[in-house]
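Atoms within a ligand are numbered from 1 in the order they appear, just like the ligands themselves. Predicted, not measured: the structure shown is a model, and the values here were computed from it.
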Amino acid sequence: MAITHNLGFPRIGKHRELKTALESYWQGQSSADALHEKGRMLRHRHWAQQQQLYWVPIGDFSFYDHVLDMSVTLGNLPERVRGYRGDALDNYFRVARGQSQPHAKHEECCASVAAGEMTKWFDTNYHYIVPELSADTRFSLNAERLVNELEEALQQGVQAKPVIIGPLTYLALGKAKDGSDKLALLDALLPVYVELLQRLAEAGARWVQIDEPILTTELSDDWRNAFRTSYEALVAAPTQLLLTTYFGRLGGNLDLATALPVHGLHVDAVAAGDELSAILERWPQDRVLSLGVVNGRNIWKSDLNSLLDTLEPIAANLGERLWIAPSCSLLHVPTDLELETELDAEIRSWLAFATQRLEEIRILGQALNHGRDTVRAELAQNQAAVLNRRRSSRVHVPSVQQALERVTPQWGRRRSDFPARCSLQREKLDLPLFPTTTIGSFPQTTEIRRTRRLYRQGRIDHTEYRHAMHAEIERCIREQEALGLDVLVHGEAERNDMVEYFGEQLEGFAFSRYGWVQSYGSRCVKPPILFGDVWRKHAMTVEWVRYAQSLTDKPVKGMLTGPVTMLNWSFVRDDQPRSRTCLQLALAIREEVQELERAGVQIIQIDEAALREGLPPRQSEWQSYLDWAIDAFRIAANGVADETQIHTHMCYSEFNDIIEAIAAMDADVITIETSRSDMALLNAFDDFAYPNEIGPGVYDIHSPNIPGRDEIVDLIQKAGQRIPVRRLWINPDCGLKTREWDEVLPALRNMVHAAHELRELYYRS
Ligand code: GLN
Ligand code: ZN
């Protein structure tokens, strides 16, 4: 009797109800009670949807981020928000966003709390709030949220399995700002976990899912030892523990993970399929083994028959000690394919979203426990879809495959090296010291969204649409000129999303209508579905940039999304290596770059916001990823003359550890996110002399706070201690599309004034 379960469910709601509720609360338009009520409604709905499984996860719901939730549970909120007025919810949002509600009562106290740092959750596009740690960190249990949700679920008859982040992963994800040893905190942390498990047991939890995804990364000996001592301490708690790993193979931690004294272990059988026999060999008779057999991170239907071939002998052996689940939490896939009535029927038949994944698990469980015959129709339908995708001529385009064979190493190289290019570009562009620019997008007003919607719905024609977009471009150019920025952008009003915009114009992509996935807080993305060979039919951006350039004498940057980011932010076909798909994307972008150059665009930015998140969790696999990823970028970017300046941009890129690969991209200018981390990012430059120009972000666009001029001067002076000032640019952390004009204008004004002040300072000295 195999047992079915789930590790976590998307929390945003199939119609993004949580997003709406959060934003209305933040804007002061609804009450905390209303928000809590919405949370309850979503949890109940999601539990009901999972009732077909044996165990249902609880505590995976979150108003912002499950790592921040864990910080609350452990009593580890930053010092700076303690003692603030308002309730716990307000404090929670203060850490998340630097601000809670803009209520008059909070004007003084909340105006300028620094938000917690945000970074990628392993190699996904989900962002968590980094736990802040120091040698003085003390923990104290705050189990209220978990216990309440557990009681809520049990009352409804849900077989609830609370989900928490394990102590080692929690510490590993945290950041010790004082540079202290994070493991030294373990002695203080473990008693709080023991107490938490006790509380959960008292409240009725029979199993607790304790997530330790860092077991799929490389661990040093002291962390491995810490695993042993920690789990020896935790196993004493009166509830059974399912130690949960995902996002990769166990690799060198296989012996460690299988020997820890827990009651069950979950492994990501999608990523670690080749380790299965080694795990089974070691697996003791009395413990649960949970196999994550359907992909929690991608949306292609599983091949159920072939999974059953693997699972049947294991089930015969393990009986009810075999659990089956998705590979990881379903947080990373959209909620329900049922809503996608407009999606091409053939492509749709190849897909499974979160709700369909649960159905796959149910079918597998049914087949294992009662025989394949009891689900014959479901299995036949699944098989037909899997075969259809494998053979479809929409997936395989011979001319695209042939084009790949023509690429030579030369395609990835500029004609001259950076110093030579740099002087040619300086001569041509004639920019001041500390040139100012932005990252591309300007506020996406409701008017812009409305125009795009009307156009999409066919309610306005192309002429009218173009007219409206031209008006937006003109507004952007005028504002930037008035601000005195040096390198302008057209503002990206035509783009719904930096990947979707390009995907919609390329062949090989399909789009869902409601396929939202949480990125951070209330922000969601709708990843394109990259199902087949990719190629470019026509120019994608040239018209807009050319129009913008016709309005000004200042240089306007062309703005593209890079191949690696398109890949990492899409749901990518799994029937050929990702590197090969990436190269197809690179060739398409390269054609666009060259067409922009021919149109007279002198500066072209190719955003690689998502380069870092493609890094495999295991560091030993980084280099092979970086090799093909950087190669793809270079092929996209380097088909231009020396005088053409190539920019790239990255968000949240803690890139200290990949700085050499970043340098190997050989972009003339790179802009990066730095302001939230107070330029800590630039530590990388102590050991590595980054050779090209760089714009460390000085304006945290993820927060509504407006940076002051002095603050910006300060940040750039910090940067100037590490990077020759001649090579520094001044720009925000990222694009401005999520902000309001009345936030953006004063912020950019301060930025430009800061540049003036810095020029004075440095010209004088
Ligand atoms: N050019 C894009 C913008 O400004 C970059 C966004 C990003 O890096 N996430 O919106
Ligand atoms: Zn960015």
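Here's the thing with S441: one of its N/O atoms is less than 3.5 angstrom from an N/O atom of ligand 1. Looking at C734 next to ligand 1, no N or O pair under 3.5 Å apart turns up. Residue contacts with ligand 1: E492 is placed with a nitrogen or oxygen under 3.5 Å of a nitrogen or oxygen of the ligand (distance criterion only). Considering backbone and side-chain N/O atoms, W569 never comes within less than 3.5 Å of an N/O atom of ligand 1.
Using modelled atom types, one finds no donor on one side chain facing an acceptor on the other under 3.5 Å when comparing T648 with E608. The closest side-chain donor-acceptor pair between T437 and N731, if any, does not fall under 3.5 angstrom. Side-chain contact, Q584 with W535: no donor N or O sits under 3.5 Å from an acceptor N or O.
Figure legend: R297 and F247 shown as a cation-pi pair, the cationic atom lying under 6.0 angstrom from the six-membered ring centre and within 45 degrees of its axis.
The shortest contact between atom 6 (C) of ligand 1 and any protein heavy atom is with M498 SD, 3.4 Å. Protein heavy atom at the shortest distance from atom 1 (N) of ligand 1 is D607 OD2, 2.7 Å.
Look at R612 and D657 and you find a salt bridge, because one of the NZ, NE, NH1 or NH2 atoms lies within 4.0 Å of a carboxylate O, short of that distance.
Under a 4.0 Å criterion applied to the non-hydrogen atoms of C651, ligand 1 contributes the atoms 7 (C), 8 (O), 9 (N). Within ligand 1, the atoms closer than 4.0 Å to a non-hydrogen atom of G735 are 3 (C), 4 (O), 10 (O), numbered from 1 in the order shown. When each atom of ligand 1 is checked for a heavy atom of G440 under 4.0 Å away, the hits are 4 (O).
Checked options K526, R495, R513; the residue passing with E500 is K526 (criterion: salt bridge (Lys or Arg N to Asp or Glu O under 4.0 Å)).
With the Zn ion (ligand 2) as vertex, C734 SG and C651 SG subtend 120°, rounded to 10°.
At a threshold of 4.5 Å between non-hydrogen side-chain atoms, the residues E481 and L488 count as touching. Side-chain contact between Q444 and T738 is absent, with no heavy-atom pair separated by less than 4.5 Å.
With a 4.0 Å cut-off on non-hydrogen atoms, R495 does not touch ligand 1 at all. With a 4.0 Å cut-off on non-hydrogen atoms, M650 does not touch ligand 1 at all.
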